[in-house]
Number of protein chains: 2
Amino acid sequence: MSKRTKSMPEPADVAETPRRAADRIRDTAFDLFYREGIRAIGVEEIVNRAGVTKPSLYRAFESKDELIAEYLRDYDRRFRDNFAAQGAGHPDDPKAQLLAYVDYLAVRASTEGYRGCGLTNAVIEYPDPAHPAHQVGVESKQALRERLREMCHAMGAADADELADGLLLLIEGSYVSGQAFGERSPARVLGAMARRLIEASLASR
Amino acid sequence: MSKRTKSMPEPADVAETPRRAADRIRDTAFDLFYREGIRAIGVEEIVNRAGVTKPSLYRAFESKDELIAEYLRDYDRRFRDNFAAQGAGHPDDPKAQLLAYVDYLAVRASTEGYRGCGLTNAVIEYPDPAHPAHQVGVESKQALRERLREMCHAMGAADADELADGLLLLIEGSYVSGQAFGERSPARVLGAMARRLIEASLASR
DNA sequence: CAGAGTACGTACCGATCGGTAACATTGTCA
DNA sequence: TGACAATGTTACCGATCGGTACGTACTCTG
């Protein structure tokens, strides 16, 4: 890792600490919005912690609401990636893929300081359907529901849509319960419960 | 319904529109906090809608945080009452009591404009464990978990604690999903899923 | 080396936040 | 009638909110 020359900056070699103000803002906002809540964090705190200034924020983002929407779209992207990554070890086996994610979530939602799903939290923080935060959150949840339906159908469940909704309830329940119970979260039984619902659906085929 | 005499005011006969400023504030705060979110509502808006003034609020409540805690304690009280009321038709039948609440919730969480559980929402809005709103919310959830465990044990479930947590996940999932999906909420399958988990637990006895 | 364009900071805006001091008004009781 | 408690009125506090006008430093290009 040698110091790069001034005359030839390569984008890749400064990836550790983003040099662009917009990137630092994005990263800082992601962290603060997720951990502390969106309404709880003002733009002042974001720019302070990012080591930049307010005008830099408003040059890169139209408004705080737009920054929030950006954060949530980013969160959604990471979620989809992670959801896919957890099941990557089981190609063409939707049931195993689903259980892999569920088992992952059961652990993650039972760690101290867990803060749930950023998208779910956003929908709750912004109940107004007209607010971008609400909209992005809802769209992501609809996509997840659809994905679960596809998987349940693919695994040959008798009542795929119903099973998918049941699993969605368990998953969302794990998101929020993790925040209230910490290490002893009810989310620890998520895997067992998901298996019971799935088995019941596959048995009654 | 005759007009009461001035000399003998009865507490019960003015219940419709509370005359005391503190009561009006309490009722208005309950409504606004629940529907719009706690952080979204300022004390100014509360007193305006309640038709009172700010000093009246601060004569009755120490601070906004204390008013929030009061709101949540009130919410918890109503929740317990309602939870008991739904099962009141089935004395000495914990399974039927639980299913009665679950069936009630499935309908309520699938109505347009549903705003979930005020306590769950508060825990999400105030992730800081030191904040009274977080604490009251968590305490209420712990009590619910304990209640579910008792009921699952009483109905003779093989793994009562595990089943209780599974049902808690379904219930909490219904609270939050109702806000994202409205009428077509996954919460509509809550009853069917709860029954499957319960039957599985009772069968393996 | 000049000049353009980009990236950023200093300082400030009006509005609203939670909260309070001082005083006037009302209705209820003795 | 007169005391008391409850409420309203008005005006204000410092802090923070989201947002912006304007000046400055750097870098790339001619």
Side-chain angles (χ1 to χ4, degrees), chain A residues 3-11 13-14 17-29 32-33 36-71 122 125-126 128 130-133, chain B residues 3-11 13-14 17-29 32-33 36-71 122 125-126 128 130-133:
Chain A
K3 206 166 188 176
R4 67 181 168 84
T5 68
K6 280 187 179 179
S7 59
M8 215 199 135
E10 293 170 49
D13 100 17
V14 284
T17 294
R19 49 187 239 296
R20 300 183 99 69
D23 293 339
R24 305 196 47 148
I25 291 166
R26 224 183 297 265
D27 291 358
T28 307
L32 289 178
F33 281 160
E36 313 267 349
I38 301 174
R39 291 202 119 110
I41 297 296
V43 291
E44 191 97 34
E45 191 166 352
I46 293 174
V47 297
N48 283 347
R49 296 233 201 177
V52 299
T53 56
K54 252 197 281 192
S56 288
L57 191 155
Y58 284 96
R59 271 185 289 262
F61 306 93
E62 224 181 37
S63 62
K64 187 195 177 186
D65 279 0
E66 184 45 37
L67 176 59
I68 294 170
E70 198 83 15
Y71 150 63
E125 276 202 273
Y126 293 88
D128 178 7
H131 196 284
Chain B
K3 204 166 187 177
R4 67 179 169 86
T5 67
K6 279 188 180 178
S7 57
M8 217 199 135
E10 292 170 49
D13 95 15
V14 282
T17 293
R19 48 188 240 296
R20 298 184 98 67
D23 294 338
R24 305 196 47 150
I25 291 168
R26 224 183 296 266
D27 291 358
T28 307
L32 289 178
F33 282 159
E36 313 267 348
I38 301 174
R39 292 200 119 111
I41 297 297
V43 291
E44 191 97 35
E45 191 166 351
I46 293 174
V47 297
N48 285 345
R49 296 234 201 174
V52 300
T53 55
K54 247 197 288 192
S56 287
L57 192 156
Y58 284 96
R59 274 187 284 256
F61 304 93
E62 224 181 36
S63 62
K64 188 195 175 185
D65 278 1
E66 185 44 39
L67 176 59
I68 294 169
E70 199 83 14
Y71 150 62
E125 277 202 271
Y126 293 88
D128 178 8
H131 196 284

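Numbers restart at 1 for each chain; the letters A, B, ... are given by sequence-line order, proteins then strands.
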With a 4.5 Å heavy-atom cut-off, do B/V47 and B/V52 have their side chains touching? yes
So, B/R39 side chain and A/E125 main chain: donor-acceptor pair closer than 3.5 Å or not? no
Name the nucleic acid region contacted by B/T53, choosing base, sugar-phosphate or nothing; use a 4.0 angstrom heavy-atom cut-off, strictly under. base
Do you know which two heavy atoms are closest between B/F61 and B/R26, and how far apart they sit? CE2-NH1, 3.8 Å
Separation of C/dT28 P from B/R20 CZ (nearest whole Å): 12 Å
To the nearest angstrom, how far is A/L67 atom CG from D/dG19 atom P? 10 Å
To the nearest Å, how far apart are B/L57 CG and D/dT7 P? 12 Å
Could you go over nucleotides 20-26 of chain D and give all protein N or O partners under 3.5 Å, atom names and distances?
none

Looking only at heavy atoms, the pair that brings B/L32 and B/I41 closest together is O-CG1, 3.8 Å
Does anything in residues 50-59 of chain A pair up under salt bridge (charged side-chain N to carboxylate O under 4.0 Å, His left out), and if so which pairs, sequence neighbours excluded? A/E44-A/K54
Can you tell me how far P of C/dT16 sits from CG of B/N48, to the nearest Å? 12 Å
Heavy atoms only, 4.0 Å cut-off, all strands: where does B/I41 land among base, sugar-phosphate and nothing? sugar-phosphate
Separation between OH (B/Y71) and CG (B/D27), nearest 0.5 Å, reads 13.0 Å
Nucleotide C/dC17, atom P - distance to CG of B/D65 in whole Å: 15 Å
What is the distance, rounded to the nearest whole Å, between atom CD1 of B/I68 and atom C1' of C/dG18? 11 Å
Whole-Å distance, B/R24 CZ to D/dT7 C1', equals 12 Å
Length of the line joining A/E36:CD and D/dT16:P, which is rounded to integer Å: 15 Å
